[in-house]
Amino acid sequence: MTAAADVIRARTVVRPSIGLVLGSGLGDFADRVEKAERFPYSTLPGYPGATVSSHRGELVVGEIAGVGVMVMAGRGHYYEHGDAAVMRTPIETMAALGCTAVILTNAAGGLERETPPGNLMLITDHINFAGTNPLFGEPTDKRFVGLSQAYDRGLMGHFRAAAAAEQVPLAEGVYMWFNGPSFETPAEIRAARILGANAVGMSTVPEVILARFFGLKVAAVSTITNYAAGMSNVELSHEDVKEMAPLGAEKLMRILPRVISAYGRG
Ligand code: HPA
């Protein structure tokens with residue numbers, strides 16, 4: 001149990017079964033939550049102060065498609081706090097309140113020409129290239145988390161079905177976690193390609209590890225906001241990421257209620 005879970009439980013009737021973490025451009029999905037109770041992160045002990053301009057910094061607990069959800073509009077990043085475990089309390093709180101799964105979303109740079117900016121990529125596996133881990137310092141043997149099936153097959157199936165129903169193309173691939181906050185160099189992207197990455201980004205992987213640590217099933221989706229460094233003539237910028245994020249987000253927001261509904265029924 002976390003102190004934040006007590007705060008949330010005291011003010012909510014809905015019992016959530018699935019958590020969501022909304023990345024850049026997806027914050028508006030929090031407005032789709034019905035029977036919503038809102039908690040600014042500043043009111044929740046252990047939640048990160050959100051410093052990224054495209055992130056709202058509030059937790060919304062309620063229902064989507066009749067299923068209890070807790071939706072984080074905005075996350076903490078390693079590059080903001082220098083702490084890979086910055087999302088530990090929020091993920092632990094999802095588990096404490098009864099969630100059995102979490103859906104993670106992010107904005108990412110794409111390495112595949114056939115998946116241009118504006119498209120979605122279902123993350124099927126990841127490469128932790130950040131040299132750190134949110135479980136550093138965890139004293140129990142639970143720290144040796146197995147990640148050979150980190151991304152849940154059932155949830156991936158729900159995403160494929162939902163994307164097909166909405167006629168939204170859904171690429172699949174490997175997400176590689178870079179520390180940030182500077183973007184990658186072209187040489188780093190060439191290395192990432194050789195190592196097997198299809199997209200690169202600065203979040204999500206620590207949350208996947210924490211979610212598996214706390215026993216939650218995981219699904220994760222990237223909205224591709226740009227070609228990765230060196231693949232186009234433009235210099236990368238957060239402004240461009242923010243400008244492009246809504247394109248993919250619009251597609252993802254059509255898919256998510258179907259996925260949540262299917263998970264709630266399953
Ligand atoms: N690199 C890392 N993170 C990102 C990118 C990128 O190109 N685009 C959006 N987030």
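Ligands are counted one by one from 1 in listed order, and the atoms in each one are counted from 1 as well.
Salt bridge present: E207 and R75 bring a charged side-chain N and a carboxylate O closer than 4.0 Å. We find that R11 and D6 are not joined by a salt bridge, their nearest charged nitrogen and carboxylate oxygen being 4.0 Å or further apart. Electrostatic pairing of E250 and R254 counts as a salt bridge here, judged by a charged N lying under 4.0 Å from a carboxylate O.
Listed as neighbours of ligand 1 are A107, A108, G109, F183, E184, V200, G201, M202, T225, N226, L236, V241, each bearing a heavy atom under 4.0 Å from the ligand.
Residues forming a side-chain contact (heavy atoms from CB on, under 4.5 Å) with M176 (at least two apart in sequence, or on another chain): I127, F129, F178, A192, L195, A197, V200. Legend: residues meeting side-chain hydrogen bond (donor to acceptor under 3.5 Å, both in side chains) with N198, ordered by chain and number and at least two apart, are E112. Judged as a ring-ring contact (aromatic ring centres under 6.0 Å, His included), and not counting sequence neighbours, F159 has no contacts.
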